[in-house]
Amino acid sequence: MTATKNIAAIILAAGQSKRFGDQNKMLFNIDGTAIIRHTVDTVVSAGLGDVVLVSGNDTAGVLSACEGTGIQHIENPTPWAGMGASLATGANAICEDIEAFFVILGDMPFLKSETITQMAAAFDPQSGNDIAVPIHNGRRGHPVLFAKKYLTQLRALTGNHGARSILTKHPECIQAIVIDDAGTLMDIDKPEDVSARDQ
C-alpha cells in the first residue's frame, strides 16, 4: 500500500484535439464544467501529493478553467511533437520526493477519485509489480500508476511514444487492479463521446 500523499500525478492536457473540431476538447463543458476541470478536481480530491498539469494547446484557457485548484502547471513548448514530449515535460517537473506517480489523461471527466485512491491502496511496488493498471469489465483503462524508478524512462520519451511503450517493455511488472469505474475507459476524443456515456 502506498499513501496517496506520497504519489504524484501527471495530467496530460497538451493535445491538439484534432478529432474534436475547432474547439479545444479540454474546454468543452459537461454539466457546466470544462472537461479538464472535471479531471483535475477528481485528481485533487484524491489527496495526491504533487499534481502537475501539462498544457500546450490554448494554455490560457486551460489555466483559466483550472483556476483555484492549487496544482502545479508546466507548458509543453512543442505539443505537436506528440504525447511522448508532453510526458517527458511532466516527468521532469515532478519532485523527486515521491514513491510513485500516476499518468492521467486530461480528457477523462468521468473518472472517479475513488479509483485513484483504490489503486494507491492496492499498489505494492516492493512485490515486483511496480506498474498498476485499472481493469473494468475485462478491459484495461486509465490512469496508469508507476513506481518512481520509471521517471527516468518517461523523461527520455519523444514523439508519439507514450507511456504504453513502457508497459510493453515491462509486461512482467504490471499489476491489474479490478475497478468498478466505467470512467477508466472513457476518454473524450469526439463530441459524440460525451453523449455516448448515457447509452
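Just so you know, residue 1 is the first one in the sequence shown, and it goes up from there.
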- Item | Gln175 CD to Asn129 CG distance, which is reported to the nearest 0.5 Å | 5.5 Å
- Item | Side-chain (Asn6) to main-chain (Glu99) donor-acceptor, under 3.5 angstrom | no
- Message: Going by salt bridge (Lys or Arg N to Asp or Glu O under 4.0 Å), name the pairs with one or both residues in residues 104-119, residues two or more places apart or in two chains.
- Response: Lys25-Asp107
- Query: Do the non-hydrogen side-chain atoms of Leu27 and Val62 ever get within less than 4.5 Å of each other?
  - Reply: yes
- Note on the structure: Distance col, row Thr39:OG1 vs Leu53:CG, nearest 0.5 angstrom, shows 9.5 Å
- Of the non-hydrogen atoms in Ala132 and Ile177, which two are nearest, and what is the gap between them? CB-CD1, 3.8 Å
Compile the donor-acceptor pairs under 3.5 Å between side chains in residues 135-150 and protein atoms, sequence neighbours left out, one pair per line.
residue, atom, partner, partner atom, Å
His136, ND1, Ile179, O, 2.9
His136, ND1, Asp181, N, 3.3
Lys148, NZ, Glu96, O, 2.5
Lys149, NZ, Asp130, OD2, 2.9
Tyr150, OH, Asp130, OD1, 2.7

- Which residues share a side chain to side chain donor-acceptor pair (under 3.5 Å) with Asp41, sequence neighbours left out: Arg37
- Quick one: which residue pairs count as a salt bridge (Lys or Arg N to Asp or Glu O under 4.0 Å) with a foot in residues 160-176, not counting sequence neighbours? none
- Rounding to 0.5 Å, atoms CD1 (Ile131) and CD1 (Ile166) come to a distance of 7.0 Å
- Taking only residues two or more places apart in sequence, or in another chain, which ones meet Thr42 in a side chain to side chain donor-acceptor pair (under 3.5 Å)? none
- Message: Membership question, hydrophobic clusters at under 4.5 Å side-chain separation (ILVMFWY): are Leu185 and Val43 in the same one?
- Response: no
- Query: Got a second to check how far Phe110's CZ is from Thr115's OG1, nearest 0.5 Å?
  - Reply: 14.0 Å
In a table with atom names and distances, give each donor-acceptor pair under 3.5 Å that connects a side chain of residues 67-74 to protein atoms at least two apart or in another chain.
residue, atom, partner, partner atom, Å
Thr69, OG1, Cys66, O, 2.8
His73, NE2, Ser55, OG, 2.6

Between side-chain atoms of residues 83-95 and protein atoms elsewhere (two or more places apart, or another chain), which donor-acceptor pairs fall under 3.5 Å?
residue, atom, partner, partner atom, Å
Ser86, OG, Asn76, ND2, 2.9
Thr89, OG1, Ala85, O, 2.8
Asn92, ND2, Ala88, O, 2.8

- Message: Could you see if Val51 belongs to whatever hydrophobic cluster contains Leu63? Use Ile, Leu, Val, Met, Phe, Trp, Tyr and a side-chain cutoff under 4.5 Å.
- Response: no
- Would you mind reporting whether Ile11 and Val40 have side-chain heavy atoms less than 4.5 Å apart? yes
- Message: Checking Ile36 against Asn24 for the side-chain contact (heavy atoms from CB on, under 4.5 Å) test, could you report, in this order, the C-alpha distance in whole Å, the side-chain angles of both residues, the deciding distance, and whether it holds?
- Response: CA-CA 10 Å; Ile36 186 58; Asn24 180 355; over 6 Å; no
- Task: First locate atom CE of Met26, then atom CD1 of Ile35, and finally report the distance between them rounded to the nearest 0.5 Å.
- Result: 7.5 Å
- What about Val178 and Val133, same hydrophobic cluster or not, with Ile/Leu/Val/Met/Phe/Trp/Tyr joined at side-chain heavy-atom distances under 4.5 Å? no
- Message: Could you report the tightest heavy-atom contact between Ala8 and Leu48, atom names first, then the distance?
- Response: O-CD1, 4.3 Å
- CG-CD1 distance between Leu105 and Ile10, expressed to the nearest 0.5 angstrom: 11.5 Å
- Going by the ring-ring contact (aromatic ring centres under 6.0 Å, His included) test, which pairs reach into residues 46-71, not counting sequence neighbours? none
- Which residues satisfy the side chain to side chain donor-acceptor pair (under 3.5 Å) test with Gln153, sequence neighbours excluded? His170
- Are side-chain heavy atoms of Phe101 and Leu154 found at a separation under 4.5 Å? yes
- Query: Does a side-chain heavy-atom distance below 4.5 Å link Ile104 with Leu12?
  - Reply: no
- By side-chain contact (heavy atoms from CB on, under 4.5 Å), Ser45 pairs with (sequence neighbours left out) Ser113
